[in-house]
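Heads up: the structure comes next, in structure tokens.
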Amino acid sequence: MTRLDLRGVAIFKGWLDPGRQADVVAAVRGVVAAAPLFSPDTPYGRPMTVRMTSAGAFGWISDRTGYRYALQHPSGVRWPPIPDAILRIWDEVTGLARRPECCLINWYGEGARMGLHQDRDEADFTWPVVSVSLGDDGLFRIGSTTRGGRTESIWLTSGDVVAMGGDARLIYHGVDRIRFGSSRLLPRGGRINLTLRVVT
DNA sequence: TAGTTGCG
DNA sequence: TTGC
């Protein structure tokens with residue numbers, strides 16, 4: 001495991017060994033079985049290219065009216081609980097007693113990407129955001145806490161964990177592209193990103 | 001291809 | 001503009 005720092009964002013390369021990656025993917029599949037992936041609309045422009053669902057007391061959703069946390073999946077069911085294998089990652093990386101209330105699951109298929117954005121729908125920005133990469137490589141881009149200006153990129157690979165806290169909590173970030181088929185963790189290819197957040 | 005700008 |  002190697003810890004890198006990019007503009008205050010902590011990047012833990014190789015945090016999860018292959019066995020734990022497989023365990024987390026199995027847990028994600030359980031969540032998806034109960035709360036199926038959907039393709040969210042955005043308030044402006046086009047639908048998102050990732051498919052998503054959530055686990056936890058709150059799920060993050062987007063539609064034509066905006067971005068928000070919701071108590072239910074679009075189908076009306078409550079989100080499944082966050083699996084222990086995922087909570088354990090939060091515990092290890094943050095060392096905090098408080099646990100996340102949302103695990104957003106973003107599923108990147110071929111050509112999927114995520115524009116530069118801030119995570120700012122939460123009530124308290126003193127809690128960090130932790131994200132976990134599984135499957136295909138993704139080119140992660142980091143800007144600053146304001147829009148515009150220079151950015152820096154780093155390839156995230158399966159098992160990497162990223163923590164955005166402190167001054168970097170509201171930093172702009174996104175995923176420009178993935179290397180579809182670069183990992184064999186997911187038999188049909190693709191990238192899964194888990195984002196863990198305290199919401200309230 | 002990488003990176004920044006600005007549209008509606 | 002979590003898109004283009």
Side-chain angles (χ1 to χ4, degrees), chain A residues 4 6-9 11 28 31-32 35-56 58-74 79 82 86 100-125 127-157 160-165 168-182 190-200:
Chain A
L4 305 174
L6 199 59
R7 301 190 175 190
V9 176
I11 300 168
V28 168
V31 171
V32 171
L37 295 165
F38 56 95
S39 301
D41 284 326
T42 59
Y44 310 94
R46 307 273 295 266
M48 300 181 68
T49 54
V50 298
R51 293 192 298 151
M52 68 174 55
T53 189
S54 291
F58 297 90
W60 187 88
I61 61 171
S62 168
D63 61 24
R64 262 168 284 180
T65 70
Y67 313 125
R68 64 191 174 279
Y69 284 97
L71 292 169
Q72 286 147 14
H73 184 273
W79 310 99
I82 303 177
I86 296 173
E101 298 161 309
C102 175
C103 173
L104 174 64
I105 297 167
N106 283 144
W107 199 297
Y108 293 72
E110 192 163 18
R113 54 200 178 272
M114 178 79 70
L116 279 182
H117 67 279
Q118 293 174 300
D119 289 12
R120 55 177 309 150
D121 297 316
E122 301 73 35
D124 184 349
F125 301 138
W127 301 102
V129 173
V130 170
S131 106
V132 180
S133 294
L134 295 162
D136 289 342
D137 304 344
L139 184 59
F140 184 58
R141 184 141 64 110
I142 297 175
S144 69
T145 53
T146 57
R147 215 160 189 279
R150 289 178 194 77
T151 63
E152 291 181 77
S153 298
I154 185 171
W155 281 99
L156 297 179
T157 60
D160 292 351
V161 175
V162 172
M164 296 188 294
R169 173 61 179 77
L170 288 171
I171 213 160
Y172 277 87
H173 59 282
V175 173
D176 283 341
R177 59 198 163 92
I178 70 166
R179 283 179 179 138
F180 188 78
S182 55
R191 172 175 188 265
I192 297 172
N193 185 76
L194 310 178
T195 309
L196 298 166
R197 308 183 189 111
V198 172
V199 174
T200 60

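Order of the sequence lines sets the chain letters (A, B, ...), proteins ahead of strands, with each chain counted from 1. Model, not experiment: these values are computed from the prediction.
At whole-Å resolution of the value, CD in A:Gln118 and P in C:dG3 are 14 Å apart. For the pair A:Asp119 CG and C:dT2 C1', the computed distance is 9 Å after rounding to whole Å. When the P atom of C:dT2 is taken as reference, atom CE of A:Met48 falls 8 Å away, rounded to whole Å. When the P atom of B:dT1 is taken as reference, atom CG of A:Asp176 falls 12 Å away, rounded to whole Å. Rounded to whole Å, atom P of B:dA2 lies 16 Å from atom CZ of A:Phe140. Note: CZ (A:Arg179) to P (B:dT1) measures 12 Å, nearest angstrom. The CZ-C1' distance, from A:Arg64 to C:dG3, rounds to 16 Å in whole Å. Following rounding to the nearest Å, A:Asp41 (CG) and C:dC4 (P) show an atom-to-atom distance of 12 Å.
Contact annotation for A:Ser62: no contact, since no heavy-atom pair falls under 4.0 Å across all strands. Among the heavy atoms of the strands lying under 4.0 Å from A:Arg141 is at least one base atom, whether or not backbone atoms are also near. Residue A:Gly148 is in sugar-phosphate contact alone, with no base atom involved, counting any heavy-atom pair closer than 4.0 Å across all strands shown. At the heavy-atom level, A:Arg177 lies under 4.0 Å from the strands shown only through sugar-phosphate atoms.
Searching all strands for a Watson-Crick or G-U wobble partner of C:dT2 with both distances below 3.5 Å returns nothing. Judged by Watson-Crick or G-U wobble contacts below 3.5 Å, the nucleotide B:dG3 has no partner.
Cation-pi contact between A:Arg169 and A:Phe125: absent, since separation from the ring centre below 6.0 Å together with deviation from the ring axis within 45° is not met.
Looking at A:Ser133 and A:Arg191, their side chains do bring a donor and an acceptor atom within 3.5 Å of each other. Side-chain polar atoms of A:Arg51 and A:Ser39 form no donor-acceptor pair below 3.5 angstrom. For the residue pair A:Arg64 and A:Tyr44, no side-chain donor N or O sits within less than 3.5 Å of a side-chain acceptor on the partner. Checking A:Glu122 against A:Tyr69 by side-chain atom types alone, a donor-acceptor pair falls below 3.5 Å.
Candidate nucleotides C:dT2, B:dT4, C:dT1 were compared by shortest atom distance to the side chain of A:Tyr44, and C:dT1 ranks first. Comparing atom distances between the A:Trp60 side chain and each of C:dT2, B:dT4, C:dG3 picks out C:dT2 as nearest.
Checking the phosphate oxygens (OP1, OP2) of B:dA2, no side-chain nitrogen or oxygen of A:Ser153 falls inside 4.0 Å. Remark: A:Arg113 is in phosphate contact with C:dC4, judged by side-chain N or O atoms under 4.0 Å from OP1 or OP2.
Under the stacking criterion of a centre-to-centre distance below 5.5 angstrom and an interplanar angle below 30°, A:Tyr67 is not stacked against the six-membered ring of C:dT1.
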